[in-house]
Each structure stands twice: as C-alpha cells, then as structure tokens.
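These notes concern the structure reproduced below.
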Amino acid sequence: MQVTMSVNGAEVSREIEARLLLVHFLRDHLGLTGTHWGCDTSNCGTCVVLVDDEPVKSCTMLAAMAGGHDVRTVEGLEQDGVLDPLQRGFMECHGLQCGFCTPGMLMTTRALLDRNPDPTDHEIREAISGQICRCTGYATIVRSVQWAAAEQAGIRTSLPEQDDSRASSAVGGAS
Amino acid sequence: MTAVEDRKVTGFEDNDRKPVGHGRMLRKEDPRLIRGKGRFVDDLQLNGMLHLAILRSPMAHGRVVNVDISAAQAHPKVKLVVTGAMLAEKGLAWMPTLSNDVQAVLATDKVRFQGQEVAFVVAEDRYSARDALELIDVEYEQLEPVVDVRRALDPSSPVIRTDLDGKTDNHCFDWQTGDEAATDAVFAAADVIVTEDIVYPRVHPAPMETCGAVADYDAVEGRLTLWSTTQAPHAHRTLYAIVAGLPEHKIRVISPDIGGGFGNKVPIYPGYVCAIVGSLLTGRPVKWVEDRSENLTSTGFARDYIMRGEIAATKDGKILAIRTNVLADHGAFNGTAAPVKYPAGFFGVFTGSYDIEAAYCSMTAVYTNKAPGGVAYACSFRITEAVYLIERLVDCLAYDLKMDSAELRLKNLLRPEQFPYTSKTGWIYDSGNYEPTMREAMRIAGYDELRREQAEKRQRGELMGIGVAFFTEAVGAGPRKDMDILGLGMADGCELRIHPTGKAVVRLSVQSQGQGHETTFAQIVAEEIGIPPADIDVVHGDTDNTPFGLGTYGSRSTPVSGAAAALVARKVREKARIIASGMLEVSVADLDWDKGSFHVKGDLTKSVTIQDIAMKAHGAGDLPDGVEGGLEAQICYNPENLTYPHGAYICVVDVDPGTAQVSVRRFIAVDDCGTRINPMIIEGQIHGGLTDGVGMALMEIIAFDEDGNCLGGSLMDYLIPTALEVPDWETGFTVTPSPHHPIGAKGVGESATVGSPPAVVNAIVDALKPFGVRHADMPLTPSRVWDAMQGNARPPV
C-alpha cells in the first residue's frame with residue numbers, strides 16, 4: 001500500500017506492507033535510525049516519536065496509521081543548526097549515558113515542555129514514566145529537562161541544584 | 001554552539017579534584033547521541049544485507065526428534081534455513097563458553113531451556129525471516145525438566161547434560177574458600193550465632209539495546225567483519241578464530257555504540273555465530289537483532305544464588321566469623337564469564353568490610369533447565385551476591401542483639417592502619433578508610449534525626465524503615481598470573497600517538513557501553529601529556545584499530561585500561577623529554593615538566609611545548625642520538641592487584657501498612673573510588689547502579705513455573721524501575737587513592753549495583769520490625785511484603 005506522511009516537516013511517500021510498524025518505516029525505509037526499538041510491548045519507550053505533537057510509541061503504531069499525519073523524530077529537533085534546549089540540557093546535566101533511550105526521552109519531554117513549560121520534578125517524572133532508562137537513574141534526566149525549561153524561559157542564571165558531593169569533603173586523604 | 005569538549009560546567013570547581021584535572025567535563029560522546037546520530041548495531045545498513053531470525057525451543061527440556069524446514073525453504077524471500085544437524089556436519093553445532101563448558105549454537109540432540117536456539121532463517125527482510133520461522137516444523141519428545149535447583153542433584157532428577165561424556169548427574173562444580181576448621185572453632189566458642197537463609201534470585205541486565213550482530217564475510221579476501229554488541233571485542237575475535245577456524249588476522253570485530261551492557265554483552269551468544277554462518281553461506285552481509293523476549297529468556301542472566309549464611313559474634317556485637325553454604329544455579333550450560341581460577345567469581349570477598357577472625361564458604365553449582373549465564377548485571381564477578389549476604393547477615397545480627405545497624409557496622413569496620421589488608425579468604429584490600437565514609441553517609445542522611453522520626457512514626461503505627469549497607473568491592477581483573485579467561489590474560493593494551501601538530505589519538509583495548517570512555521580516557525591522557533582533552537581522540541571497540549585487551553566488564557576499564565592510558569602517556573612524555581633536551585640544548589636532568597611543556601630548570605623563558613616537541617619529532621633536522629622519529633608509544637598493562645572501592649549507603653523507605661507498597665523516600669550513597677577523574681560521569685554511574693538496586697530489591701526477577709516456562713519474558717512481566725519508583729539520589733564521596741594504580745583510581749561502574757540492594761532490603765526489613773521480621777527475600781513486591789507482615793515470608797524460588 002502507499003503511505004504518505006510528513007516526517008520532520010518534509011512529505012514522504014512510500015509503498016509499504018500494511019503490517020509495517022512505524023518504527024521500522026522510519027528506521028529501515030527512511031534511514032532515520034535515531035528512533036530506536038527496545039521491546040515489543042510498549043514498555044520501554046525508546047521508540048517514542050511525536051505524531052501531531054503527541055508522544056507515540058512507534059513500535060505500537062502501524063506506519064499506515066501515520067498516513068496523513070505529522071511525524072517528528074529526534075532528527076527533527078535540531079533546527080537550522082540550533083539544538084533544541086532539551087538536547088543541550090541533556091548534555092549539560094548528563095541526562096544520557098549509552099544514549100539508547102535518549103531519543104525517546106527527548107521527544108516525550110519535548111511534548112511535555114510544549115504543553116507545560118514550567119513542570120515540577122514530579123510532572124517530569126510522570127511524563128517519562130512510560131519509558132525506561134537503564135543507565136542514568138532518571139535524576140539527571142529530570143535535571144536536564146529543568147535546565148531546558150529554564151533555558152526556554154530565558155531565565156537561566158545558574159545551574160540546577162545538583163548532587164551533595166559538593167558538600168562532601170575528601171576526608172580519605174586525597175593527594 | 002561551540003565544541004562541547006572545550007567547555008566545562010561551571011560551579012563545580014571544587015569537584016575537580018586533583019591529580020586528574022579537567023574534572024566535570026561534558027562528554028565527547030553526547031553531541032552525536034542527542035542528535036540521534038549514534039551508531040548502534042541495528043542502525044547499520046549494508047548493500048545486499050539479509051536478515052536472520054532464530055527459532056527457539058518452546059519447552060525447557062525435550063528431545064529433538066525431527067526438524068522439517070522444507071516449507072520455510074520454499075518461502076520466496078528466504079535465502080537460507082539452517083538446523084543444528086546442518087551445523088553439526090560442519091563441526092559448528094557447539095561452541096565453548098567463557099567458563100570452558102560448551103553450549104549448543106543450535107540444538108542437535110535436545111533442547112535444554114525454553115528459548116534455546118533450534119534453527120535459523122536468513123531472508124530478504126526482517127519480517128519475512130520471522131514469517132518463515134513459523135513454517136519450520138519441529139517435532140519434540142518432551143522430557144521432564146529440572147526446575148527446582150534444590151532438587152537438581154537428586155538421583156531421580158533427569159540428567160540435563162547428556163552431551164557430556166559419562167555425565168550421570170546435574171553437578172556443575174564445587175568450590176571452597178577460607179579455613180573451615182578455624183571457622184568452625186570460632187563458631188563453637190562464640191556467644192551469638194545468627195543463621196539466615198538468603199536467596200538472591202535470578203535477575204536480568206536487560207540493557208535497553210538487545211544483543212545483535214551484522215556479519216559480513218568477504219569470500220575473495222577471506223575476511224570476516226563482525227559488528228556486534230560485545231563488551232569484549234578482542235576476546236570475542238580470538239574465540240571466533242577458534243570456533244570458526246578462521247585465521248584471527250582475517251577477523252575484525254567492531255563494537256560500535258552499545259546501548260548498555262551491564263554484563264549482558266560479555267558472553268558470545270549463538271546468535272552471533274549464526275550471523276557469521278549465515279554470511280559465510282550466503283556470501284552476503286547478515287543482520288541478527290534479537291527481540292526483547294529473546295534477550296530476557298536466552299541471554300546472560302545474573303545471580304541465582306541460594307545462600308545459607310551464618311555469622312558468629314560476641315554478645316556486645318564484635319563480629320568474629322562468617323560461614324556460608326551456597327547453591328548456585330548455572331542453567332543449562334555454564335556460560336559464566338569469570339576468570340578461570342574463580343568459578344564463583346570474586347564471591348570470596350563475602351567477608352565484607354569487617355575485621356573478623358575466620359571465614360569459610362563452600363559452594364555447589366548445578367545445571368538446571370534454564371537459560372545459561374550466571375554472571376552479569378553489573379555484579380563485579382559475584383561481589384553483588386557476596387555483599388548482599390554479609391550486609392543482610394550483619395542486619396540480622398543487629399536485630400538479634402537489638403543494636404543499631406549503623407553502630408554495629410562502625411564497631412566492626414576495618415581500621416585504616418590495617419591496610420593493605422589481607423582478608424581471611426586471601427584478598428588483599430589495597431587501601432581503605434571506612435569510618436569517615438560511613439560517618440559522611442550518616443551526616444548527609446541526618447541519621448539520628450531519621451531514627452527519631454522512625455520512633456515517632458512507629459508510635460502512630462506508620463511503617464518507616466532505615467537501611468544501612470557498607471560494601472567493599474574488588475574490581476579491575478586482574479593480575480595475569482592469577483586471572484585469565486579461557487587462557488587469555490586479563491591485561492590491557494593502550495597506544496598513544498601524538499600527531500605532528502600536537503593533536504593525539506589514544507587507542508584502547510576496552511570498550512564503552514555508555515560509561516563515557518571517549519571523555520574519561522581523553523582526560524587521563526590530557527592530565528599526563530598536557531594536551532587538551534578536546535585535542536585527543538579516543539578510539540575503541542574495533543579490533544583492527546586497537547591493541548589487544550580483555551574488554552569492559554567487572555568495573556575493570558579505569559583500574560586496568562585507565563592505568564595503561566596514564567602509563568603510555570608517561571612513556572611518550574619521557575621520549576618528549578629527550579627531544580626537548582635536544583631542542584633546548586640541555587641535559588634531560590635539567591628539564592622540568594609543567595603539564596604541557598618542558599622548561600629549563602630555573603628558567604621559565606626557555607621552554608618548549610608538547611606541540612613544539614611533536615612537530616620536532618616528525619620534522620626535519622636531527623634528533624638527539626638514539627631517538628627515532630615520531631612521538632608515540634604502546635604498552636600492555638598487567639595490574640599488580642585489584643582495586644578495592646568502598647561505600648556506605650543509607651536508604652529510607654515508607655511501607656503502606658494497608659497495601660504493603662514500598663516507597664523509597666531517600667537514598668544516600670557515599671562512594672570512595674579513589675582518585676576521581678570526571679565527577680559527573682562517576683555520579684552517573686552511581687545513579688544508574690542505585691536504580692538497578694532498587695529494581696532488584698523491589699521488582700526484578702526471572703522466575704520459572706514448574707514446567708520451566710520463563711515468567712519474566714517481556715518487559716510487561718520483568719519489571720524495571722521507572723522515574724516514579726526511584727527518588728532523587730543523594731550522593732557524596734570520600735577519596736582514598738589506590739596505592740598501586742598510577743593515578744590512584746579505582747573502579748566505580750558497579751559499586752552502586754553491589755551496594756544498594758542490601759540497603760533497600762535492610763530498610764524494608766527495618767520497617768517491618770514491628771511485625772517481628774528479621775529477613776525477607778527479594779523482590780519485595782507488595783504481595784511478598786504483605787506475606788512478610790503476616791509472618792509468611794517465603795523465598796521467591
């Protein structure tokens with residue numbers, strides 16, 4: 001079947017099998033390998049993309065269902081060489097390690113900040129609670145999103161409050 | 001934006017602890033990863049690439065009677081179908097495991113666990129390959145499975161490993177450590193003995209990226225290139241050479257960006273070998289990427305130790321001795337990755353952080369009809385189990401003696417003057433200063449105030465728990481005289497080249513799965529050679545372009561390869577010193593090094609930078625006598641000892657008395673990993689491990705039903721913490737450098753995974769004290785906590 005959709009602002013049209021999942025359409029047919037696949041059960045969220053600005057798990061949506069809609073992937077976050085504040089926040093606050101869950105986290109939190117530009121930590125945690133990160137323990141992701149929220153609002157004056165290690169002393173005898 | 005490598009986060013200067021500078025530098029890996037431009041195995045697209053899918057056993061134990069592949073072969077998009085019998089004809093049906101056992105690539109005689117590989121299909125696309133699996137007709141004769149590990153050695157149990165000559169039972173190995181007679185004597189005379197049965201259930205690393213490979217065999221050149229999700233590309237290459245009979249110099253293993261490892265990507269899996277066979281037989285590149293269920297049901301699990309622990313003490317709380325008996329479930333094949341002389345990994349450190357008189361452990365490992373593996377999930381070679389055992393036992397002792405668990409630990413911790421300390425099981429702890437670490441955790445937690453709050457809440461019937469754990473790890477395997485994997489010594493190479501313009505490339509034998517090696521290793525070299533980290537490229541994960549070494553696991557990268565990086569830079573610096581002496585026309589003894597330049601002693605105006613020296617080394621004109629051109633060096637580092645990081649963790653939980661739901665309110669982690677290189681990366685490693693620990697303590701388990709069906713085969717069944725189940729971590733640190741590591745660093749990648757499970761469980765058990773609970777096994781799901789509250793705490797398996 002023929003499917004036509006907008007992906008990161010450009011119209012694409014392909015002949016596909018009706019059963020093709022959106023995640024495989026993006027990765028294998030369009031070469032947009034930033035969107036990852038991590039489970040088959042909508043639990044891990046590494047495949048999240050935005051469809052009409054709403055986060056969608058692309059492993060659970062047929063490519064055909066996205067026909068006629070606007071799809072946005074991690075590759076679409078950077079605009080004219082300018083990184084999304086979230087992309088910068090994740091780098092500044094160590095919101096990623098292996099980077100596999102990161103595209104999904106970025107897309108979900110992009111949708112969050114679009115509807116709620118000043119989220120609480122708990123609202124950020126709720127927003128990403130359908131996704132799994134095995135590396136970071138989430139706290140730095142929360143900080144990254146707060147960094148981006150402040151950046152967007154133009155109110156960045158200092159870094160978000162971080163770990164307690166600043167308060168600790170090297171009592172063990174650092175050389 | 002400006003190049004990220006040049007920038008440091010401000011506000012953390014006091015975290016930039018010497019001697020390794022550059023401190024909290026942003027990661028060099030991030031710019032590609034936040035753009036979706038990472039290069040993961042499944043991202044690879046090669047011309048003519050085919051897709052491989054594996055048919056797996058639906059049952060835990062059965063005889064393979066017949067495999068009919070004719071319908072699958074007739075599928076129009078299928079290029080190849082291969083069975084175990086076909087592999088056997090080529091001598092490829094079995095492969096060695098990292099523990100010198102053998103494992104079936106594809107089943108020939110029997111299937112031995114649910115999910116075992118039976119046949120594979122190579123087709124034009126991934127969907128067609130999956131379709132064709134359904135066209136393969138396998139006839140099995142179902143056999144009784146061995147599921148209950150406690151009954152594996154019963155004479156009536158069916159023998160799983162009938163492939164091994166003369167095998168008449170399910171015994172895998174026995175292992176002992178310590179002094180049994182001395183330990184028994186201390187126990188016989190002790191005031192107090194506490195005994196507890198403690199189960200560390202089977203769990204799974206479940207990295208977000210599953211395992212996979214792309215094999216590309218070039219028949220003309222006789223060259224195999226394998227992109228694979230491996231934590232040990234060099235060791236894997238050697239094993240492929242042995243298994244497949246291909247010459248080692250014709251094999252290139254590339255480990256590109258890896259989406260998390262946690263030990264899961266240390267072993268060689270049948271899927272990798274199938275991909276190689278698929279490419280050999282089709283002459284085209286073949287991609288295999290397992291799905292999540294395949295990952296959870298067939299690849300390296302972790303733990304699965306059933307432990308009886310005993311602790312002997314005086315009645316005022318001086319710990320005297322530890323004794324333990326362990327039954328280890330190794331699944332159908334012993335796929336454990338551990339140094340050859342250490343079949344139980346480094347479980348021997350079960351004496352923990354305490355000054356005791358005697359210790360003894362005896363262990364029996366058995367085969368069962370479950371997935372193979374046995375060491376994975378950030379465990380530092382079984383130290384996770386060892387620390388959990390001792391830290392639970394200490395809390396059981398505190399319970400019986402009615403002592404505060406922090407005070408009991410403080411009373412027994414090793415003292416600084418005892419280091420280097422030789423434990424009662426023969427481990428030489430390199431350095432440690434434990435009490436300040438413990439006090440720091442108590443300070444951050446506000447320990448006394450928490451105890452007061454708990455007392456008040458107990459009055460009101462609220463269930464609040466405070467859990468304390470203290471751990472010592474032994475990481476950085478290892479000295480090659482003692483440690484090898486299948487005969488390969490656990491050393492690591494490193495090569496450093498300074499280009500004429502003073503930029504550098506450092507090539508590592510270890511590989512990153514998210515740890516940030518491209519950043520950390522550039523920082524180590526920068527500190528030693530004075531070239532900015534931004535000017536140092538780190539190459540890793542490619543056997544054609546890096547020196548040999550054993551790879552990344554067991555927190556060994558910084559202790560072993562990090563030492564190699566520092567030493568290779570010093571070697572280059574010494575050559576630079578000779579060249580500088582020629583340039584400045586003084587003797588080498590008259591030169592001082594000032595991080596990036598040599599100057600004449602007492603005259604700072606006469607100096608040359610490392611960049612000047614690099615150009616001179618490659619340029620025209622004479623060099624000092626005996627000095628070759630170029631500025632580069634390579635070394636192989638054989639560590640003198642392991643490094644012994646330690647830490648003190650405190651967890652605060654609230655348990656809902658009505659639903660038994662556990663909420664982790666706070667978690668304080670104070671770690672000492674010696675010299676700190678990049679505090680941001682260290683903190684990240686700790687955070688991730690703490691989340692693992694909360695997961696294992698509260699929800700993660702790979703369980704089996706009585707027929708051997710895996711009950712944790714998807715992420716709907718195998719629960720992993722989300723952002724809502726974990727608190728905002730509170731971290732602190734102390735610094736006790738390793739005396740034998742060139743920069744004093746110790747490993748840290750697994751510290752939190754090791755230390756956090758006992759802290760969480762101790763907290764929950766502490767919350768349940770009003771119910772008379774002294775121990776409850778993980779995972780402490782609401783139903784299991786509820787059972788414990790009713791006096792029905794039961795082992796999970």
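Residue numbers begin at 1 in each chain, while the letters A, B, ... track the order of the sequences. What you see is a predicted model; the values in this text were computed from it and never measured.
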Assess whether side-chain contact (heavy atoms from CB on, under 4.5 Å) is satisfied between A:Q97 and B:Q685, documenting all intermediate values.
-> CA-CA 9 Å; A:Q97 290 181 32; B:Q685 296 280 293; 3.3 Å; yes

Carefully, step by step, assess B:R32 and A:E75 under the rule salt bridge (Lys or Arg N to Asp or Glu O under 4.0 Å).
-> CA-CA 11 Å; B:R32 66 175 184 270; A:E75 288 91 345; over 6 Å; no

Mind running side-chain contact (heavy atoms from CB on, under 4.5 Å) on A:F100 and B:I258 for me, showing each step along the way?
-> CA-CA 8 Å; A:F100 199 79; B:I258 300 295; over 6 Å; no

Going through the checks in order, is the side-chain contact (heavy atoms from CB on, under 4.5 Å) test met by B:T722 and A:Q131?
-> CA-CA 7 Å; B:T722 72; A:Q131 286 162 256; over 6 Å; no

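Of the atoms belonging to B:D257, not a single heavy atom falls under 4.5 Å from chain A. In this structure, no portion of B:Y434 lies under 4.5 Å from any heavy atom of chain A. There is no contact between B:R439 and chain A, counting heavy-atom distances below 4.5 Å. For B:N295, no part lies near chain A; criterion is any non-hydrogen pair under 4.5 Å. Using a 4.5 Å cut-off between heavy atoms, B:P727 contacts chain A through its backbone alone, with no side-chain atom that close.
Chain B forms the most heavy-atom pairs under 4.5 Å with one residue out of A:D84, A:L32, A:I132, and that residue is A:I132. Among A:G34, A:C98, A:C44, the residue making the largest number of heavy-atom pairs under 4.5 Å with chain B is A:C98. With chain A as the partner, the residue from B:Q513, B:R292, B:R39, B:E29 showing the most heavy-atom pairs under 4.5 Å is B:R292. Comparing B:T210, B:I34, B:T691 by heavy-atom pairs within less than 4.5 Å of chain A, the highest count is held by B:I34. Highest contact tally toward chain B, considering only A:D40, A:L96, A:T35, A:T102, is held by A:L96 [criterion: heavy-atom pairs under 4.5 Å]. Between chain B and the residues A:L77, A:T140, A:L20, A:T33, the largest count of heavy-atom pairs under 4.5 Å involves A:T33. Most heavy-atom pairs under 4.5 Å with chain B: of the set A:T73, A:L21, A:I128, A:I124, this distinction falls to A:L21. Counting heavy-atom pairs closer than 4.5 Å to chain A, the top-ranked of the candidates B:G684, B:G432, B:G516 is B:G684. When each of A:G137, A:G31, A:A139, A:C135 is scored by its heavy-atom pairs under 4.5 Å with chain B, the top score falls to A:G137. Looking only at heavy-atom pairs under 4.5 Å with chain A, the residue among B:L296, B:D42, B:V694 that has the most is B:D42.
Atom CG of A:D118 is surrounded by 12 or fewer heavy atoms from other residues, nucleotides or ligands within 6.0 Å.
Using a 3.5 Å distance cut-off with no hydrogens or angles, the side chains of B:H687 and A:Y138 do not pair a donor with an acceptor.
Under a 4.0 Å N-O distance rule, the pair A:E92/B:R24 does not qualify as a salt bridge. Comment: A:R88 does not engage B:D30 in a salt bridge, judged by the lack of any side-chain N to carboxylate O separation of less than 4.0 angstrom. A salt bridge links B:E700 and A:R134; the closest N-O separation between the charged side-chain nitrogens and carboxylate oxygens is under 4.0 Å. Taking the charged nitrogens against the carboxylate oxygens, A:E78 and B:R35 do have a contact shorter than 4.0 Å, which makes a salt bridge.
Remark: A:H122 NE2 to B:L724 CG distance equals 5.5 Å, nearest 0.5 Å.
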